[in-house]
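Everything below concerns the one structure shown next.
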Amino acid sequence: QVQLVESGGGLVQTGGSLRLSCAASGRTFSRYAMGWFRQAPGKEREFVAVLSRDGSFTSYADSVKGRFTISRDNIKSSVYLDMNSLKPEDTAVYYCAANLLHTSNREGEYDYWGQGTQVTVSS
């Protein structure tokens with residue numbers, strides 16, 4: 001069992017930066033690939049980024065490549081999303097998720113989800 005809690009969301013102006021954090025409970029955190037997803041108003045939830053269990057592989061949605069960086073600290077049982085050059089279209093609720101079997105961009109393959117944190121980028 002893994003419980004995930006996101007933090008770090010807020011209001012930022014266009015071009016600004018935020019760091020989202022996701023703290024995980026449980027002693028098996030290092031066995032999970034970790035992903036970030038987001039859901040904008042009126043839109044379906046979409047993939048943002050994923051990081052393999054050992055941190056050796058990352059994948060990003062085309063919309064955030066070059067601007068967002070996913071990282072993890074298995075000692076602290078935490079995963080992070082560093083967001084730079086933020087745009088209004090990045091406004092969404094951001095969710096972290098844990099995947100025991102795959103480093104995947106498919107939300108249906110994830111085993112555990114956090115409750116989300118709101119990111120709002122002003123025009």
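- Counting only distance, with no hydrogens or angles, the side chain of Arg72 and the backbone of Ser52 share a donor-acceptor pair below 3.5 Å.
- Contact check for Arg38 versus Ser63: side-chain heavy atoms found under the 4.5 Å cut-off.
- Just one residue in the list Asp90, Leu86, Val121 forms a side-chain contact (heavy atoms from CB on, under 4.5 Å) with Thr14, and that residue is Val121.
- Of all non-hydrogen atoms in Leu4 and Ala24, the two that sit nearest each other are CD2-CB, 3.5 Å.
- Other residues sharing the hydrophobic cluster of Ile75, ordered by chain and number and joined by side-chain separations under 4.5 Å: none, the residue standing alone.
- Other cluster members for Phe47: Phe37, Val50, Val93, Tyr95, Tyr110, Trp113, joined by side-chain heavy-atom distances under 4.5 Å among Ile, Leu, Val, Met, Phe, Trp and Tyr.
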Exercise. Ser7 and Ser21: side-chain contact (heavy atoms from CB on, under 4.5 Å), yes or no, with the steps?
Worked result: CA-CA 5 Å; Ser7 62; Ser21 299; 3.8 Å; yes
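- With contacts defined as side-chain heavy-atom distances shorter than 4.5 Å, the pair Val12/Thr120 does not qualify.
- Annotation: side chain of Trp36 is in contact with side chain of Cys22 (closest heavy-atom distance under 4.5 Å).
- When all heavy atoms are compared, the tightest approach of Val2 to Thr28 is CG2-OG1, 4.4 Å.
- The nearest pair of heavy atoms linking Ser17 to Asn84 is OG-OD1, 2.9 Å.
- For the residue pair Phe57 and Thr103, the shortest heavy atom distance occurs at CD2-CG2, 3.6 Å.
- Looking only at distances, no side-chain donor or acceptor of Thr91 sits under 3.5 Å from a matching main-chain atom of Glu89.
- If you check the side chains of Glu109 and Ser104, you find a donor sitting under 3.5 Å from an acceptor.
- Here the straight-line distance linking atom CG of Asp82 with atom CZ of Arg19 works out to 4.5 Å at 0.5 Å rounding.
- Follow the hydrophobic side-chain contacts under 4.5 Å out from Tyr80 and you never reach Met83; the two are in separate clusters.
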Exercise. Which is it for Tyr94 and Leu81 under the side-chain contact (heavy atoms from CB on, under 4.5 Å) test, yes or no, and what are the steps along the way?
Worked result: CA-CA 10 Å; Tyr94 283 72; Leu81 186 68; 4.1 Å; yes
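- Using a 4.5 Å heavy-atom threshold, the side chains of Gln115 and Val5 count as touching.
- For the atom pair CG (Leu100) and CZ (Arg31), the distance works out to 7.0 Å, reported to the nearest 0.5 Å.
- At a threshold of 4.5 Å between non-hydrogen side-chain atoms, the residues Ser123 and Pro88 count as touching.
- Within the 4.5 Å cutoff, side-chain heavy atoms of Tyr60 are placed close to those of Thr69.
- Counting only heavy atoms from C-beta outward, the side chains of Leu20 and Thr117 approach each other to under 4.5 Å.
- Shortest non-hydrogen contact noted between Val79 and Cys96 is CG1-CB, 4.4 Å.
- A donor and an acceptor atom, one from each side chain of Glu44 and Gln39, are nowhere located under 3.5 Å apart.
- A donor-acceptor pair is defined here as one N or O able to donate and one able to accept, closer than 3.5 Å; such a pair exists between the side chain of Asn74 and the backbone of Arg53.
- Contact record, His102 with Ala33: O-CB, 3.4 Å, taken as the closest heavy-atom pair.
- Side chain of Gln3 to backbone of Ser25: no donor-acceptor contact under 3.5 angstrom is found.
- Using a distance-only test at 3.5 Å, with no hydrogens or angles considered, no donor-acceptor pair links the side chain of Ser77 to the main chain of Phe29.
- Within a 6.0 Å radius of CD in Glu46, other residues, nucleotides and ligands contribute more than 12 heavy atoms.
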